[in-house]
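These notes are about the structure you will find just below.
Not measured: the values here are computed from a predicted model.
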Amino acid sequence: MIARLHLYLVDAAAALVIAVLVAYAMLEQRDQPWWLVLPSTALVALPVAVRRWWPVPALAVTTAATVATVIGQVLPVQALGAPVAAVCFALYTVAVERSRTWSLTGLVVAVVAVAGVGGGEPENLLAVGASLSAVWVIGYTTRLRRSFLARESDQRAEQALAGERLRIARELHDVVAHNLSLIAVQAANAAHVRSPEHAYEALEVISSTSRAALTEMRGLLGVLRSDADLAPSPGLDGLAELADRASLAGVRVSLDVRGDTAVPEGVGLSAYRIVQEALTNVVKHAAPAACTVLVEVTPSAVRVEVDDDGPGVRELGAGHGLIGMRERVAVYDGTFSAGPSASGGFRVEAELPIR
């Protein structure tokens, strides 16, 4: 609302100018009484000031008022310029905000009504028709352009979402591959004990099955990454390093990790990435600032809170930041929220259940 305030002020200014011109024409050429001039002027000009809220009613009122003032000989035909301008303002908004059927209907009705009271002269009909038609074309073109930009923005958001899911899939590949590698190695070592007999057979099955699963998974998901690094993924133990790096970038980070950090690797990785992305956004959009990071581990969930004292309102766009955090939480059916905090900064909250 605040961002569009200047547009409403422009509409109010345009309505005021049209009202002055219409009132002057009524008083100068017709010498009408004030009690008739004021409501007639308001009906012609006021819809311009509210056209963004009620486009169709604004067009209907200003068109009807123009026709009525001319037919009632309150406004001379020679002074149709200002009322036609009011109709043009309203028609443009209808062409932008409403469907083509609505806007074309409004165009035809406005042209017929206003040109019909213009004295029947061909030049009046041509001038009114050309003016209103040009305004409609501009408005409808603007509508098409906005629709194209909206679709393009949606496509970028979908691409960002797909890219983030691919990145998450790569990291899940790391987690599963690392664990399966450990299982395969340990099972293979235990198999050499060969005592007792049943234990040996079970370990042999574990070894062969885990190796087969690892090979199959690498075949299916290997296309997701170009390297074969099976090192452990970062987790809650790496949060201190994240805080140090953010501090070097101008963000004063207060890190508080509560509870046992020995959580499932996937949950730890997701919590780490959420904190990492939140701190990255603070560095990009709020630095220099102070930031509080709280990670609370309970037997049932890992709760993450990142709160800064920056400007609060940010244009994060359709990138990977908030989308990535939301997707990571969705993997574990958790909860996520992000937005301006009550203290004026920006707050990110996430809860990752531990199954």
Side-chain angles (χ1 to χ4, degrees), residues 164-183 185-186 229-249 251-287 289-310 312 314 316 320-343 345-355:
E164 186 58 34
R165 286 176 174 172
L166 180 61
R167 185 159 69 113
I168 295 173
R170 286 198 301 265
E171 292 178 346
L172 290 177
H173 167 266
D174 288 345
V175 172
V176 178
H178 175 65
N179 289 334
L180 283 179
S181 296
L182 294 178
I183 292 173
V185 171
Q186 295 299 326
D229 182 16
L230 296 180
S233 300
L236 299 183
D237 293 335
L239 294 178
E241 184 180 353
L242 279 182
D244 292 340
R245 288 203 299 265
S247 298
L248 293 176
V251 176
R252 302 180 302 278
V253 180
S254 175
L255 176 64
D256 184 7
V257 180
R258 304 174 184 176
D260 186 4
T261 59
V263 298
E265 191 170 359
V267 175
L269 171 62
S270 295
Y272 176 91
R273 293 303 189 200
I274 290 171
V275 174
Q276 183 183 44
E277 194 62 54
L279 289 178
T280 300
N281 284 337
V282 175
V283 171
K284 287 182 178 179
H285 303 285
C291 179
T292 300
V293 179
L294 171 63
V295 178
E296 185 176 7
V297 182
T298 66
S300 61
V302 175
R303 189 167 62 90
V304 177
E305 293 182 7
V306 181
D307 199 350
D308 67 72
D309 60 358
R314 300 173 192 168
L316 299 180
H320 295 268
L322 294 181
I323 292 177
M325 289 186 274
R326 196 178 302 277
E327 283 297 306
R328 291 182 185 281
V329 173
V331 169
Y332 295 95
D333 295 326
T335 59
F336 176 80
S337 65
S341 62
S343 60
F346 198 83
R347 185 181 185 87
V348 173
E349 292 182 273
E351 184 170 312
L352 301 165
I354 299 177
R355 297 188 182 92

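- Counting heavy atoms from C-beta on, the side chains of Phe336 and Val348 come closer than 4.5 Å.
- Remark: Asp309 CG to Phe346 CZ distance equals 14.0 Å, nearest 0.5 Å.
- Considering every non-hydrogen atom in both Asp260 and Val263, the closest pair reads O-CG1, 3.9 Å.
- A distance of 7.5 Å separates CD1 of Ile274 from CE of Met325, quoted to the nearest 0.5 Å.
- A distance of 13.0 Å separates CZ of Arg326 from CD of Glu277, quoted to the nearest 0.5 Å.
- Distance check, rounded to the nearest 0.5 Å: OG1 of Thr280 to CG of Leu242 gives 8.0 Å.
- Paired with Asp308 under the rule side-chain contact (heavy atoms from CB on, under 4.5 Å), one option of Leu279, Val282, Asn281 passes, and it is Val282.
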Val306 vs Cys291, side-chain contact (heavy atoms from CB on, under 4.5 Å): CA-CA, chis, key distance, verdict: CA-CA 7 Å; Val306 181; Cys291 179; 3.5 Å; yes
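- Two residues are said to be in side-chain contact when any heavy atoms from C-beta on lie closer than 4.5 Å; Thr292 and Asp256 fail this criterion.
- Glu351 contributes atom CD, which lies 7.0 Å from atom OG of Ser300 (distance to the nearest 0.5 angstrom).
- Listed here is the closest heavy atom pair of Pro353 and Gly334: CD-CA, 3.6 Å.
- Leu352 CG to Asp333 CG: the interatomic distance, rounded to the nearest 0.5 Å, is 10.5 Å.
- By the side-chain contact (heavy atoms from CB on, under 4.5 Å) test, Glu305 is found to be paired with Leu294, Arg303, Arg347, Glu349, residues two or more places apart in sequence or in another chain being considered.
- Every residue meeting the side-chain contact (heavy atoms from CB on, under 4.5 Å) condition with Pro264, not counting sequence neighbours, appears here in chain and number order: Val267, Ile354.
- Every residue two or more places apart in sequence or in another chain was checked for a side-chain contact (heavy atoms from CB on, under 4.5 Å) with Ala330, and none qualifies.
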Any chance you could lay out the side-chain contact (heavy atoms from CB on, under 4.5 Å) test for Leu239 and Val257, step after step, and finish with the verdict? CA-CA 9 Å; Leu239 294 178; Val257 180; 4.1 Å; yes
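- With respect to Leu236, the side-chain contact (heavy atoms from CB on, under 4.5 Å) criterion is satisfied by exactly one of Leu269, Val304, Thr261, Val275: Thr261.
- Tyr332 places no side-chain N or O within donor-acceptor distance of the main-chain N or O of Ala301, the cut-off being under 3.5 Å.
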